Number of protein chains: 2
Amino acid sequence: MTSIKDIAAKAKVSIGTVDRVLHDRGRVSDETRNRVQRIVRELGYRPNIHARNLSLKKVYRFAVIMPRLSQDSEYWKFPANGIDKACRELEMYKVSATYFLFDRYSNASFGRAFREALGSNPDGLLIAPVLSRIAEELIPTIPQGLPYVFFDSSIPGTDCLTFIGQDPFQSGLLASSLLQSITGGEGNVAVIKVMPDDFHLRERIRGFLTGVEGGKTMTAKLFEVDSHGGEPAFADVVGRIVKELVPLKGIFVSNAWTHSVARSMQALSAANGVTVIGYDLVPKNLHYLEQGLIGFLISQCPSTQGYEGIYSLYEHVVLREKVKQTIMVPIDILTKNNVKYYRG
Amino acid sequence: MTSIKDIAAKAKVSIGTVDRVLHDRGRVSDETRNRVQRIVRELGYRPNIHARNLSLKKVYRFAVIMPRLSQDSEYWKFPANGIDKACRELEMYKVSATYFLFDRYSNASFGRAFREALGSNPDGLLIAPVLSRIAEELIPTIPQGLPYVFFDSSIPGTDCLTFIGQDPFQSGLLASSLLQSITGGEGNVAVIKVMPDDFHLRERIRGFLTGVEGGKTMTAKLFEVDSHGGEPAFADVVGRIVKELVPLKGIFVSNAWTHSVARSMQALSAANGVTVIGYDLVPKNLHYLEQGLIGFLISQCPSTQGYEGIYSLYEHVVLREKVKQTIMVPIDILTKNNVKYYRG
DNA sequence: TGCATTTGCGTGTGCGTTAACGCATCTTTG
DNA sequence: CAAAGATGCGTTAACGCACACGCAAATGCA
């Protein structure tokens with residue numbers, strides 16, 4: 001471990017000069033600066049984090065901009081758990097996170113959260129840009145030099161520090177592959193597109209349909225349902241599915257509303273022989289998975305996403321290390337037999 | 001954050017006295033000791049980890065006792081990766097690990113590794129007690145107060161700090177459930193028990209058979225194969241399976257030798273319509289999974305096991321915190337469609 | 001030339017903990 | 001009863017870094 005002292009000795013200057021070079025606070029001649037910088041590189045100097053934290057008074061505050069925790073069947077609680085866990089681990093490094101939550105269906109609400117977050121003068125942003133239209137508009141207003149990390153979904157063309165998420169196309173492909181294994185590659189399956197949709201959700205469906213096309217003789221039919229309609233809307237679409245597709249082998253649901261489909265299937269006594277595949281280990285889905293009314297859930301490691309998001313900011317802002325540009329989380333397959341070992 | 005200074009002030013003693021009380025190195029009157037201890041409790045004092053590390057010269061060395069990395073189809077490289085990752089993260093806390101590898105099939109070799117590990121005077125042990133007989137014998141010789149963590153498998157009746165592993169029974173149950181979904185709950189499946197076996201492996205098979213019994217009309221037949229016989233032994237048993245069980249719907253392999261089964265199935269051109277389920281993301285299994293000759297692999301998050309093992313020791317020895325008694329890792333289901341997002 | 005400002009650098013202090021050291025008091029021992 | 005040891009406690013120097021301060025020398029400006 002080379003310390004600032006070793007550098008100073010080798011460069012024949014004082015530690016004060018080395019400090020000025022490292023922190024770029026001027027008052028150093030070009031010649032000295034270059035010499036010190038060369039030696040820093042040569043010795044692979046990395047500041048001792050303990051010494052730094054001992055002397056540093058600065059606290060690091062990260063702003064988290066994401067949907068309200070209760071929305072999407074309480075899905076957002078999971079990323080929040082990961083964020084909280086990371087903050088607990090990094091507490092001694094003076095890292096903290098503040099939430100700015102928005103209504104997942106309101107651009108105005110996103111805008112408010114976004115502005116409030118920036119107004120709090122944070123050291124970094126962790127954003128779930130589920131409302132891509134408004135996010136795309138506001139991202140450029142982030143001050144130069146303020147790092148921001150996307151999780152869940154991304155906004156192309158921005159220079160975010162890191163993106164953490166799942167490959168939605170591949171997850172759809174996986175779902176279709178599972179369903180084909182079970183049906184023997186034959187029969188009717190329904191694809192439920194839950195509206196309002198977003199890029200992520202469309203990619204899942206595209207992946208699923210691509211898988212079906214590449215398979216044998218399984219046929220898939222797309223159904224749309226507006227989630228604002230709540231349970232009745234799902235009951236309605238499931239009713240249509242059961243009537244139209246005979247014999248029905250499986251249903252693919254494009255997001256966490258899977259439980260509403262399972263519930264409707266149960267209500268119609270139509271669940272027998274039909275495999276329901278959907279997304280996310282939210283409490284209601286867990287219930288139907290355990291009952292056997294949902295066959296598989298695909299999980300996108302939401303708490304990991306939150307956790308890694310904070311860590312990415314920490315490594316960049318506090319440790320000043322290079323961080324990964326993208327972190328793809330695993331596509332976890334959950335059944336009633338392994339679900340108890342996943343915590344989201 | 002209350003510091004040792006605050007305690008000293010409140011107790012009207014010097015920080016030296018507080019330090020002596022905290023570290024229990026005598027030379028303090030009972031009255032003073034009690035007063036200080038009370039204040040420590042009242043103020044909820046926790047040492048500042050940065051200050052501690054800055055002043056501490058002690059390095060923590062953990063000894064890792066596990067099979068040679070090349071064994072079990074290179075399975076053990078994965079836990080080693082997790083261990084290395086943890087060590088990299090904890091490098092600044094002066095934590096390091098030393099490997100003491102043994103031959104997975106030799107009690108004498110385990111004994112040697114064990115004695116060498118103890119001889120190196122470590123601050124903690126991380127052990128994969130795959131040779132349960134000899135391990136059971138040697139564990140009691142661990143000096144009092146030296147913490148040890150088991151991963152992969154456990155030795156009941158010992159007071160290890162933590163056990164990290166997977167529920168093997170449940171993983172077998174999961175495998176049978178997957179196979180029943182695919183076969184529609186009917187037809188013949190083969191169960192391959194790879195010898196020499198151990199508790200873990202037997203539990204997986206017990207789980208699988210329990211699942212089959214609870215199902216519909218699927219019938220399972222058990223086959224044993226000695227892994228010392230290598231590829232020919234597997235070719236032989238697969239030949240028998242294909243001949244005996246007609247029509248064959250699936251094969252469950254109890255450990256990482258799954259690739260040899262897939263290979264033999266391919267050689268016999270008997271892979272069509274047969275779903276092979278086995279364990280562990282070792283390189284050869286990955287290959288056959290991608291080819292579609294292995295349908296599912298069950299992974300036990302081996303790198304996580306190594307990672308968590310080191311962390312458990314770290315938290316106990318360095319931070320002196322309470323740690324979890326058992327950590328059950330998820331039962332990951334891998335297919336060719338999601339495998340690329342798992343790194344073991 | 002004289003004075004003010006800037007530039008280049010070294011010094012010193014604080015952060016909280018550890019642990020070696022040392023100074024008084026007592027207590028035991030020959 | 002003096003010497004030797006034990007007891008109870010305070011003092012202080014690291015540990016590596018951040019940052020304020022201050023002192024010369026160099027430079028600018030009149």
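These figures come from a predicted structure and were not determined experimentally. Just so it is clear: chains get the letters A, B, ... in the order the sequence lines come, proteins before strands, and each one is counted from 1. Reckoned from all heavy atoms, side chains included, excluding hydrogens, waters and symmetry mates.
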Do Asp123(A) and Tyr314(A) have a side chain donor and acceptor closer than 3.5 Å?
no
Think Lys58(B) forms a cation-pi with Tyr60(B), using NZ or CZ under 6.0 Å from the six-ring centre and within 45 degrees of its axis?
yes
So is Lys85(B) actually on top of Tyr307(B)'s ring, under 6.0 Å and inside 45° of the axis?
yes
Over how many whole Å does the gap from Met92(B) atom CE to dG16(D) atom P extend?
14 Å
Near-strand residues of residues 42-57 of chain A, defined as heavy-atom separation under 4.0 angstrom from DNA chain C:
Leu54(A), Ser55(A)
Below 4.0 angstrom, which residues in residues 27-37 of chain A have at least one non-hydrogen atom near DNA chain C?
Arg27(A), Val28(A), Ser29(A), Thr32(A)
Per-helix bend value, the helix from dT1(C)-dA30(D) to dG30(C)-dC1(D), C1' rotation axes over five pairs per end, 10° rounding, shows 50°
Give me the first and last nucleotide of DNA chain C, going 5' to 3', that has any atom under 4.0 Å from a heavy atom of chain A.
dT7(C) to dG16(C)
Atom CD of Glu42(A) with >12 non-hydrogen neighbours under 6.0 angstrom
yes
Heavy atom of residues 4-21 of chain A under 4.0 Å from DNA chain D: which residues?
Ile4(A), Lys5(A), Asp19(A)
Please name all residues satisfying side-chain contact (heavy atoms from CB on, under 4.5 Å) with Arg52(B), sequence neighbours left out, ordered by chain then number.
Pro47(B), Leu56(B), Arg320(B)
Between Thr326(A) and Thr162(A), is there a side-chain heavy-atom distance shorter than 4.5 Å?
no
